Amino acid sequence: MTDNITSVGGGGRADAGVSALTGRTGAGTPAETRGKTTIADGVVAKIAGMAAREVPGIHSLGAGMARAFGAMRERVPGGGGGVTRGVKVEVGERQAAVDLDVVVDYGVSIVDVAGGVRTNVISAVERMTGLEVVEVNVVVDDVDLPDDEEGQTEPDEGRVR
């Protein structure tokens, strides 16, 4: 008498037939472990842009050309609001880094405004995404000066008439 043993699948592997799943599965498994969440760079950029704009002393975001193109794009229907103008992000699985180009209002302490931007951006991104923000780099591209023409009632008299 001979034993007839047939192996299905596994190709003779020692772990054939063993499930790759480990730990609890099914209805009792916590929802956090039932899938993967991926956060796009654009989402983090929008959060960072909105958080930076909330800081007093920030006039706008973006370097000179980016602001000029952004202003034109905003006038075109469907051109977008430019929330991410002046914002660059790098997003990994658990960490994010943010670079911001900002224009500050004249008369404010740039050091204080930059510190406020860092604090607000880190807080908002970490709270909303769960990512650790490893750095927020702030580049001050310009200072918005008060309008020279504001308050003038008479034209400026020059030397030549």
Side-chain angles (χ1 to χ4, degrees), residues 21-25 27-161:
L21 299 175
T22 58
R24 283 179 60 183
T25 59
T29 306
E32 307 86 52
T33 62
R34 293 188 191 189
K36 181 179 178 182
T37 302
T38 304
I39 300 170
D41 292 9
V43 172
V44 176
K46 283 183 180 182
I47 294 168
M50 290 300 293
R53 284 176 174 81
E54 292 173 352
V55 176
I58 292 293
H59 179 74
S60 63
L61 270 65
M65 288 303 290
R67 285 196 323 268
F69 285 127
M72 287 189 295
R73 188 176 28 243
E74 287 174 8
R75 292 184 183 129
V76 175
V83 175
T84 59
R85 184 181 342 130
V87 182
K88 294 179 212 148
V89 299
E90 290 181 37
V91 180
E93 288 185 29
R94 292 184 293 272
Q95 296 179 328
V98 181
D99 295 324
L100 298 166
D101 291 318
V102 301
V103 177
V104 298
D105 292 325
Y106 176 78
V108 299
S109 167
I110 294 174
V111 174
D112 291 344
V113 170
V117 166
R118 279 189 188 90
T119 301
N120 214 32
V121 168
I122 290 169
S123 173
V125 171
E126 289 184 347
R127 177 178 45 84
M128 294 177 74
T129 66
L131 296 169
E132 174 193 6
V133 178
V134 293
E135 65 182 10
V136 176
N137 299 311
V138 179
V139 175
V140 179
D141 286 313
D142 202 358
V143 174
D144 183 59
L145 299 174
D147 221 0
D148 290 339
E149 297 167 357
E150 195 171 84
Q152 282 187 338
T153 56
E154 297 178 14
D156 195 19
E157 291 190 28
R159 295 185 315 161
V160 181
R161 290 188 187 199

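As the structure is a prediction and not an experimental result, all values here were calculated from the model.
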Visitor: If you measure from OG1 on T37 to CD on E93, what distance do you get to the nearest 0.5 Å?
Guide: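 Those atoms lie 12.0 Å apart.
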Visitor: Check A96 against V44 and note the closest heavy-atom contact, atom names and distance.
Guide: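 The answer is CB-CG1, 4.5 Å.
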Visitor: If you measure from CG on D144 to NE2 on H59, what distance do you get to the nearest 0.5 Å?
Guide: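 Atom-to-atom, D144:CG and H59:NE2 are 3.5 Å apart.
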Visitor: Decide yes or no for N137 and V98: does some side-chain heavy atom of the first lie under 4.5 Å from some side-chain heavy atom of the second?
Guide: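 Heavy-atom side-chain distance check fails, nothing below 4.5 Å.
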Visitor: Please report the shortest heavy-atom distance between A97 and V134, naming the atom on each side.
Guide: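 What the structure gives for the nearest pair is CB-CG2, 4.1 Å.
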Visitor: Shortest non-hydrogen contact from A48 to V121?
Guide: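 Closest approach of A48 to V121, heavy atoms only: O-CG2, 3.7 Å.
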Visitor: Considering only residues two or more places apart or on different chains, which pairs with a residue in residues 114-131 satisfy side-chain hydrogen bond (donor to acceptor under 3.5 Å, both in side chains)?
Guide: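 side-chain hydrogen bond (donor to acceptor under 3.5 Å, both in side chains) check on residues 114-131 returns E54-N120.
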Visitor: So, using side-chain contact (heavy atoms from CB on, under 4.5 Å) as the criterion, who are the partners of D112 when residues are at least two apart?
Guide: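 In terms of side-chain contact (heavy atoms from CB on, under 4.5 Å), with neighbours along the sequence ignored, D112 is linked to S109.
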Visitor: Considering non-hydrogen atoms only, spot the tightest contact between L100 and A52 and give its length.
Guide: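 So the minimum-distance heavy-atom pair works out to CD1-CB, 4.1 Å.
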Visitor: Is there a side-chain contact between V113 and I58, using heavy atoms and a 4.5 Å cut-off?
Guide: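 The answer is yes, as the side chains (C-beta and beyond) meet within the 4.5 Å cut-off.
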Visitor: For residues L131 and V91, determine if any side-chain heavy atom of one lies less than 4.5 Å from a side-chain heavy atom of the other.
Guide: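 In short, these two side chains touch, coming nearer than 4.5 Å.
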Visitor: Between CG of L61 and CG of D141, what distance do you get to the nearest 0.5 Å?
Guide: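 With rounding to 0.5 Å, CG (L61) is 9.5 Å from CG (D141).
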Visitor: Are side-chain heavy atoms of V136 and I122 found at a separation under 4.5 Å?
Guide: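 A side-chain contact under 4.5 Å exists here.
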Visitor: State the CG-CG distance between D105 and L145, to the nearest 0.5 angstrom.
Guide: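 Rounded to the nearest 0.5 Å, the CG-CG separation comes to 10.0 Å.
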Visitor: Side chain to side chain contact (heavy atoms under 4.5 Å, CB included) between D41 and E90: does it pass, once the steps are laid out?
Guide: CA-CA 7 Å; D41 292 9; E90 290 181 37; over 6 Å; no
Visitor: For V143 and Y106, work out which heavy atoms get closest and say how close.
Guide: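 Heavy atoms only, the tightest pair is CG1-CA, 3.5 Å.
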Visitor: For residues R34 and T29, report the shortest heavy-atom separation together with the two atoms involved.
Guide: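 It is NH2-O, 3.1 Å.
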